[in-house]
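Take a look at the structure set out below.
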Amino acid sequence: QVQLVESGGGLVQPGGSLRLSCAVSGSIFSINNMAWYRQAPGKGRDLVAVIGSSGITNYAESVKGRFTISRDNAKNAVYLQMNSLKPEDTAVYYCKVRIRLIDYWGQGTQVTVSS
């Protein structure tokens with residue numbers, strides 16, 4: 001049973017920073033890619049950033065230059081460093097991993113950017 005446990009969310013002022021973590025446990029042979037999504041109040045779930053097995057990354061245009069996705073293969077973990085946070089970044093953030101063509105999702109962690 002593959003499980004994803006997220007942490008690092010919380011309340012931060014505009015311009016502040018947060019670092020989200022997602023640890024993967026269970027029956028893992030290899031992780032193809034890892035990603036972060038977010039869902040703002042009343043909105044759909046959107047891709048924020050993705051990192052492939054080779055380390056190649058892609059970002060949503062709205063977070064380029066502010067967010068950085070990284071992975072630690074030895075720890076089966078993915079991270080999202082969020083800098084220069086804006087109120088519009090407020091959302092529930094979800095991590096997702098793809099293992100053998102199957103996607104697994106975390107429970108989500110709330111990020112609130114407000115003064």
Side-chain angles (χ1 to χ4, degrees):
Q1 184 76 271
V2 175
Q3 294 186 15
L4 280 62
V5 179
E6 298 168 311
S7 62
L11 175 65
V12 64
Q13 295 186 82
S17 298
L18 284 174
R19 182 176 174 85
L20 305 183
S21 300
C22 178
V24 185
S25 63
S27 300
I28 303 171
F29 295 98
S30 63
I31 300 176
N32 297 113
N33 59 54
M34 313 177 84
W36 288 94
Y37 289 74
R38 68 185 182 186
Q39 187 166 17
K43 303 295 181 64
R45 188 173 298 185
D46 297 323
L47 176 68
V48 176
V50 60
I51 183 167
S53 59
S54 67
I56 297 175
T57 59
N58 273 327
Y59 297 90
E61 192 67 29
S62 60
V63 307
K64 283 183 178 178
R66 300 188 298 120
F67 291 10
T68 302
I69 187 171
S70 61
R71 63 192 290 171
D72 186 332
N73 292 328
K75 296 182 178 180
N76 293 323
V78 60
Y79 309 94
L80 186 68
Q81 178 66 46
M82 305 184 294
N83 299 324
S84 301
L85 284 162
K86 305 174 181 179
E88 50 262 45
D89 295 319
T90 295
V92 177
Y93 284 71
Y94 300 87
C95 63
K96 187 205 74 172
V97 302
R98 176 162 290 181
I99 303 173
R100 299 171 73 87
L101 303 182
I102 298 174
D103 290 339
Y104 299 87
W105 292 84
Q107 79 285 356
T109 184
Q110 177 71 48
V111 172
T112 302
V113 184
S114 177
S115 59

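None of these values were measured; they are calculated from a predicted model.
For the pair R98 and Y104, the cation does not sit on the ring face, since its NZ or CZ is not both under 6.0 Å from the ring centre and inside 45° of the axis.
Using a 4.5 Å cut-off on side-chain heavy atoms (C-beta onward), V92 and T109 make no contact. Between I69 and Y79 there is no side-chain heavy-atom pair separated by less than 4.5 Å. Contact check for M34 versus V24: side-chain heavy atoms found under the 4.5 Å cut-off. Here the side chains of R66 and D89 are in contact, with some heavy-atom distance below 4.5 Å. When side chains are defined from C-beta on, M82 counts as touching L80, because their heavy atoms get closer than 4.5 Å. When side chains are defined from C-beta on, K86 does not count as touching V113, because their heavy atoms never get closer than 4.5 Å.
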Next on the checklist: Checking Y93 against R38 for the side chain to side chain donor-acceptor pair (under 3.5 Å) test, could you report, in this order, the C-alpha distance in whole Å, the side-chain angles of both residues, the deciding distance, and whether it holds?
Outcome noted: CA-CA 4 Å; Y93 284 71; R38 68 185 182 186; 2.9 Å; yes

Next on the checklist: Working note: N76 + I31, criterion side-chain contact (heavy atoms from CB on, under 4.5 Å); need CA distance, chi angles, decisive distance, verdict.
Outcome noted: CA-CA 8 Å; N76 293 323; I31 300 176; 4.0 Å; yes

Item to check | R71 vs N73, side-chain contact (heavy atoms from CB on, under 4.5 Å): CA-CA, chis, key distance, verdict | outcome: CA-CA 6 Å; R71 63 192 290 171; N73 292 328; 2.8 Å; yes

Checklist entry - Taking it one step at a time, do Y37 and D46 satisfy side-chain contact (heavy atoms from CB on, under 4.5 Å)? => result CA-CA 5 Å; Y37 289 74; D46 297 323; 5.8 Å; no

Item to check | Verdict with supporting geometry, Y59 and T68, side-chain contact (heavy atoms from CB on, under 4.5 Å) | outcome: CA-CA 8 Å; Y59 297 90; T68 302; 3.8 Å; yes

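In the hydrophobic clustering of this structure, V63 groups with L85; members are Ile, Leu, Val, Met, Phe, Trp, Tyr whose side-chain heavy atoms approach within less than 4.5 Å, directly or through other members. By the rule that hydrophobic residues join a cluster once side-chain heavy atoms approach within less than 4.5 Å of another member, V97 and V50 end up as members of separate clusters.
In this structure, the separation between SG on C22 and OH on Y94 is 13.0 Å, given to the nearest 0.5 Å. Taking OG1 of T90 as the start and CD of E88 as the end, the distance is 8.5 Å to the nearest 0.5 Å. To the nearest 0.5 angstrom, S53 atom OG is 6.5 Å from N32 atom CG. Separation of atoms OG (S21) and CD (Q81) is listed at 9.5 Å; rounding is to 0.5 Å.
Closest approach of S17 and S84 over heavy atoms only: OG-N, 4.3 Å. The two atoms that bring P14 and S114 nearest to each other are CD-C, 3.6 Å, heavy atoms only. When all heavy atoms of A35 and L47 are compared, the closest pair comes out as CB-CD1, 4.0 Å.
The backbone N or O of G108 sits less than 3.5 Å from a side-chain atom of E6, completing a donor-acceptor pair.
More than 12 heavy atoms of other residues, nucleotides or ligands shown are found within 6.0 angstrom of CZ on R19. Other residues, nucleotides and ligands contribute over 12 non-hydrogen atoms within 6.0 Å of the CD atom of Q107.
Among T57, I56, I51, the single residue meeting the side chain to side chain contact (heavy atoms under 4.5 Å, CB included) criterion with S54 is I56. For the side chain to side chain contact (heavy atoms under 4.5 Å, CB included) criterion with F67, the lone passing option out of L18, N83, V48, L20 is V48.
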